Amino acid sequence: MHTGKISEIAYKRSVLKKISTNSENLHVCADGAHMSLEDITAVMSSNCILKWFPGCEKYYFQKTLNDLYVSGGTPKYVQLQINIPTDFEEKKLGRIVRCFDEAVQDTDAVIEQCNVYAGSVEEPVIHVTIIGQAEKTLSVRNIQEGMDVVMAGTAAVGASSLMAHLYEGKLRKKFHAAFVDDCLKISDFTDVKQIAEIAKEYEPIYMHNVSDGGVFGAVWELASAADLGIETDIEKIPVWQETIEIAELFDYNPYMVDGTGAVLIVMEEGKKLVEELHRNGIYAELIGKLTLGRDRVVFHGEEKRFLEPPRGDEIYHFL
């Protein structure tokens with residue numbers, strides 16, 4: 001299998017068909033799970049660190065936090081499950097926990113549980129769970145044919161941020177110093193909290209993070225979960241020049257790598273939301289519509305191509 005999310009076919013065959021619970025939280029583009037608890041609605045998101053690299057703790061915490069935000073949640077509690085090799089140095093464990101603690105301090109949440117186990121793993125395996133409270137929940141079942149798809153944020157933000165920091169030296173050999181400095185600042189745009197808060201005021205039907213597999217993967221997942229087709233205009237997808245240059249240097253498709261920091265928002269009428277996001281300094285465009293049938297189509301001028309199901313994420317080859 002590829003590193004990253006497993007294929008949709010494998011997920012449906014080996015996950016959905018094996019779970020007897022009939023929950024609307026169980027679908028291919030679910031970012032969080034909602035639970036009704038008397039007079040409040042709790043929302044939960046989780047992630048597992050798939051590959052170790054400098055700063056991975058903060059990065060995967062942000063991905064988990066983003067999942068909670070687009071699910072309508074406000075973070076309250078953090079749970080960490082850490083599995084380490086039996087010969088793992090205690091100082092390294094302390095650094096890992098400290099990195100998570102620093103990331104959590106930038107939010108309104110607190111670490112309520114941190115379990116650590118030593119066992120037969122080659123490197124640490126960490127699960128991050130964030131629990132919060134939601135005022136309103138959004139359901140993928142409310143998506144209908146003809147609805148707009150707004151993209152807030154830009155393509156490959158997460159991948160560009162990682163590559164800029166991990167390969168800063170290589171970038172400085174290729175580009176001017178000011179350009180590389182701009183690339184390093186991309187990490188400031190991986191948080192979707194403001195996007196989610198603004199979108200809530202415009203009655204979104206559903207929101208889905210652009211994450212592993214990039215914007216093309218997110219578009220596919222959204223259409224698949226709604227059991228509809230989708231038409232997208234690639235020229236409308238926001239993308240920075242820095243992102244394009246980094247992608248060309250490392251020879252990967254910027255529309256198919258980690259897009260942490262961008263969100264797809266399904267709306268009845270998306271133009272007003274786009275205008276409001278622009279007023280707040282956020283890149284956003286109306287990139288497509290949901291359609292009848294199951295075709296996932298991307299237009300580039302008069303050229304038309306059909307998307308394929310996402311298979312992992314190329315960015316993991318460089319981490």
Side-chain angles (χ1 to χ4, degrees), residues 1-16 26-32 45-51 53 56 59-60 62-64 66-67 70-71 140 149-163 186 189-190 192 195 206-232 234 236-240 243-244 246-247 250-266 287-288 290 294-298 300 305-319:
M1 289 186 179
H2 299 276
T3 302
K5 292 180 180 178
I6 64 174
S7 70
E8 178 185 348
I9 294 175
Y11 183 79
K12 288 181 175 179
R13 180 177 58 231
S14 299
V15 179
L16 295 185
L26 289 169
H27 55 77
V28 294
C29 77
D31 293 303
S45 62
S46 63
N47 259 299
C48 176
I49 294 181
L50 301 181
K51 205 162 186 178
F53 54 86
C56 65
Y59 188 74
Y60 274 93
Q62 185 64 65
K63 289 168 73 74
T64 313
N66 287 354
D67 286 342
V70 301
S71 300
V140 71
V149 179
V150 171
M151 179 172 168
T154 66
V157 175
S160 301
S161 169
L162 291 177
M163 298 301 285
I186 293 175
F189 297 88
T190 56
V192 305
I195 293 173
Y206 193 73
M207 294 191 284
H208 178 44
N209 271 322
V210 180
S211 187
D212 284 8
V215 60
F216 283 174
V219 165
W220 178 281
E221 291 173 346
L222 183 64
S224 180
D227 198 24
L228 290 168
I230 192 168
E231 292 183 352
T232 305
I234 195 171
K236 295 290 182 65
I237 296 175
V239 58
W240 286 331
T243 292
I244 294 172
I246 294 173
F250 291 94
D251 191 27
Y252 60 73
N253 187 329
Y255 300 101
M256 299 175 69
V257 291
D258 195 316
T260 297
V263 182
L264 298 183
I265 307 165
V266 180
I287 67 168
L290 279 305
R294 295 186 178 180
D295 290 342
R296 289 88 198 240
V297 180
V298 174
H300 188 184
R305 60 168 287 193
F306 292 89
L307 287 178
E308 296 180 356
R311 294 182 176 85
D313 193 308
E314 285 188 64
I315 201 65
Y316 288 107
H317 296 314
F318 302 96
L319 302 182

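All values reported here derive from a predicted model rather than from experimental measurement.
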- Note on the structure: Taken to the nearest 0.5 Å, the spacing of Phe216 CZ from Arg296 CZ works out to 14.5 Å
- Looking only at heavy atoms, which two atoms of Ser45 and Thr64 are closest? And how far apart? OG-O, 2.8 Å
- Message: Applying salt bridge (Lys or Arg N to Asp or Glu O under 4.0 Å), can you list everything that pairs with Arg305, at least two apart in sequence or on another chain?
- Response: none
- State, with a plain yes or no, whether a side-chain heavy atom of Leu264 is found less than 4.5 Å away from one of Glu221. no
- Counting only heavy atoms not in Met256, do more than 12 sit closer than 6.0 Å to its CE atom? no
- Message: Checking the side chain of Asn209 only, and the main-chain atoms of Asn66 only, is there a donor and an acceptor separated by less than 3.5 Å?
- Response: yes
- Message: Looking at every non-hydrogen atom in both residues, tell me the closest pair between Thr260 and Ser211 and how far apart they are.
- Response: OG1-OG, 4.0 Å
- Query: If you look at every heavy atom in Glu314 and Asn253, which pair is closest and at what distance?
  - Reply: OE2-N, 4.1 Å
- Query: What's the shortest heavy-atom distance between Ala225 and Val140, and which atoms?
  - Reply: CB-CG2, 3.7 Å
- Message: Between Val70 and His208, does the side chain to side chain contact (heavy atoms under 4.5 Å, CB included) criterion hold? Intermediate values first, please.
- Response: CA-CA 6 Å; Val70 301; His208 178 44; over 6 Å; no
- Note on the structure: Here the gap from Leu290 atom CG to Thr232 atom OG1, rounded to the nearest 0.5 Å, amounts to 9.0 Å
- Message: Show the nearest heavy-atom pair for residues Ile230 and Ala223, with the distance to one decimal.
- Response: CG2-CB, 3.9 Å
- Taking the side chain as every heavy atom from C-beta outward, state whether Val219 and Val298 have any pair of such atoms under 4.5 Å apart. no
- Query: Does the pair Ile265 and Ile195 meet the rule for a side chain to side chain contact (heavy atoms under 4.5 Å, CB included), with working shown?
  - Reply: CA-CA 10 Å; Ile265 307 165; Ile195 293 173; 4.2 Å; yes
- Item | Intermediate values then yes/no, side chain to side chain contact (heavy atoms under 4.5 Å, CB included), Tyr252 and Ile246 | CA-CA 9 Å; Tyr252 60 73; Ile246 294 173; 3.5 Å; yes
- Does Tyr60 reach the side chain of Leu50, with side-chain heavy atoms less than 4.5 Å apart? yes
- Here the gap from Tyr255 atom OH to Ile237 atom CD1, rounded to the nearest 0.5 Å, amounts to 6.0 Å
- Message: Run Phe318 and Val257 through side chain to side chain contact (heavy atoms under 4.5 Å, CB included) and show every step you take.
- Response: CA-CA 11 Å; Phe318 302 96; Val257 291; over 6 Å; no
- Heavy atoms only: give me the nearest Ile287-Pro238 pair and the separation to one decimal. CG2-CD, 4.4 Å
- Task: State which residues pass side chain to side chain donor-acceptor pair (under 3.5 Å) with Thr243; sequence neighbours excluded, sorted by chain then number.
- Result: Ser160
- Query: Short question: side chain of Asp313, backbone of Gly213 - any donor-acceptor pair under 3.5 Å?
  - Reply: yes
- What's the spacing between Lys51 NZ and Ile315 CD1 if we round to 0.5 Å? 10.0 Å
- Message: Would you compute the distance between atom CH2 of Trp240 and atom CD1 of Ile186 and round it to the nearest 0.5 angstrom?
- Response: 6.0 Å
- Query: For the atom pair CG (Asp251) and NE2 (His317), what is the distance rounded to the nearest 0.5 Å?
  - Reply: 11.0 Å
